[in-house]
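Shown next, in structure tokens, is the structure this report addresses.
For reference, positions follow the sequence shown, starting with 1. As a basis for the values below, the full set of heavy atoms in this structure was taken, side chains included, without hydrogen atoms, waters or symmetry mates.
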Amino acid sequence: VLFRSAAGAGSGDVAPAGGVGIPGGAISTSTTTVLEYNDPTLHETATVMGMATGYDVKVYKRFVGSLRKTGYKGNIILVVAPDIGNREKTYLESKNVTMHKVQHTNCTHSAFKTDGKDPKNSHAKELMTCVHPYPNLKHRWARFPLLRDLLENCGGKADPERACGGPVLITDVRDTFFQRNPFGPEAPKVHGLQVFEEHFTITTEHWLVKWPVESCKGVTYDKPMLCSGTTIGTRQAMLDYLKIFHGEMDRWMADPKCHFKLNGDDQSMHNYLYYSGMLDGVTGGAHAAKNRDALRSEEHTSELQSRQYLVC
């Protein structure tokens, strides 16, 4: 079981064979035969990924340490700061974590220029910081295509389709810890792509989704809000999702009415992709898992038994 702090919106299996068409290009198809889910070694080819730049070793110990203590033996791939400290680096190496040092670069877009003024706070600075090789995207957006690249090559491992051939979890790192192996023999099977609803009181009528999606796309939805910070899927479903996401990012960046001076609109886009049907073509399909009614971070106990109780 994986838990994330219930901070609320606005705060910081085996897939079917063959590919299907999606907006923005064809989905690649894998020729690798994935092991049956009940094979006890499958979780060793599972992958847990996240953007984890600028964190103290305590954060890494909570995330990586709790995950390894569950018996998880699969891949952990984290994007870390280029100047990661020796203490943090040594710890992650001791836990067999694949680290990718992010490279910051000058932004090529002009959507969020500050007219030569220094950014006033960390959020404004983040809007003006871009990541190689995606200088046309917001820093927070770029984590998705960057993680896709790392999943495709399994962080540089040989035979990546096999080494990272199992199910995949992409999640925020700072506010996450584990109580059970998310892909152990007793875990639910993974079919296609699984996205997660926020607490039932939070819907897409919240400004974080309604304002950007209505302004950019001219549509509104009154549906449970989905969390862009945690997504699970088969390898192929995750690659499909990240490809679709990246294509939509390019469309938003090309359209001035889709430019918003905030860092959380990856969640706006994530909800739009799902509720507009753009994820229907993902290999194995996409479905939303309900959050547990009235779940609060202080109630995180071992009574929770499956991923349907994941907290965003």
Would you mind reporting whether [Y] and [X] have side-chain heavy atoms less than 4.5 Å apart?
| X | Y | value |
| --- | --- | --- |
| Leu78 | Val64 | yes |
| Leu193 | Asp240 | no |
| Glu214 | Val219 | no |

Between [X] and [Y], does at least one N-O distance fall below 4.0 Å, as a salt bridge requires?
| X | Y | answer |
| --- | --- | --- |
| Lys138 | Asp265 | yes |
| Lys217 | Glu248 | yes |
| Asp159 | Arg162 | yes |

Return yes if some donor-acceptor pair links the side-chain N/O of [X] with the main-chain N/O of [Y] below 3.5 Å, else return no.
| X | Y | result |
| --- | --- | --- |
| His259 | Met253 | yes |
| Ser66 | Phe63 | yes |
| Arg174 | Tyr60 | no |

Results of side chain to side chain donor-acceptor pair (under 3.5 Å) for His100 - residues two or more places apart only: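 With neighbours one apart ignored, the set is empty.
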Any chance CG of Asp222 has more than 12 other-residue heavy atoms, nucleotides or ligands included, within less than 6.0 Å?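 Atom CG in Asp222 is packed in, count exceeds 12.
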Under 30°, 30 to 60°, or over 60°: which ring-plane class applies to His270 and Tyr241, parallel, tilted or perpendicular?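 The rings of His270 and Tyr241 stand perpendicular, inter-plane angle above 60°.
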Should the ring pair Trp252 and Trp141 be called parallel, tilted or perpendicular, given that the plane angle runs from 0 to 90° and is split at 30 and 60?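 Perpendicular: the ring planes of Trp252 and Trp141 meet at over 60°.
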Between His104 and His139, is the ring centroid distance below 6.0 Å?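 Centroid separation for His104 and His139: below 6.0 Å.
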Between Phe245 and Phe144, does the ring centre distance come in under 6.0 Å?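 Under 6.0 Å, so yes.
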Derivation of the side chain to side chain donor-acceptor pair (under 3.5 Å) call for Asp266 and Ser228: CA-CA 7 Å; Asp266 56 295; Ser228 62; 2.8 Å; yes
Do Lys58 and Asp56 pass the salt bridge (Lys or Arg N to Asp or Glu O under 4.0 Å) test, and can you show the C-alpha distance, the side-chain angles, and the key distance before you say yes or no? CA-CA 5 Å; Lys58 292 180 181 179; Asp56 181 85; 5.5 Å; no
Start with the C-alpha gap between Gln267 and Glu198, add the side-chain angles, then the distance that decides, and say whether side chain to side chain donor-acceptor pair (under 3.5 Å) holds. CA-CA 11 Å; Gln267 182 130 317; Glu198 296 270 14; 3.0 Å; yes
Pairing residues for Glu205 by the salt bridge (charged side-chain N to carboxylate O under 4.0 Å, His left out) criterion, not counting sequence neighbours: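 By the salt bridge (charged side-chain N to carboxylate O under 4.0 Å, His left out) rule, Glu205 matches Lys210.
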Tell me, please, which residues at least two apart from Ala142 pass side chain to side chain contact (heavy atoms under 4.5 Å, CB included).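 Only Val131, Tyr134, Leu137 meet the side chain to side chain contact (heavy atoms under 4.5 Å, CB included) criterion with Ala142.
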Show your reasoning for whether side chain to side chain donor-acceptor pair (under 3.5 Å) applies to Thr47 and Asn75. CA-CA 5 Å; Thr47 305; Asn75 306 291; 3.3 Å; yes
Would you check if there is a donor-acceptor pair between the side chains of Lys223 and Asn271 at a distance under 3.5 Å?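 There is no such pair between these side chains.
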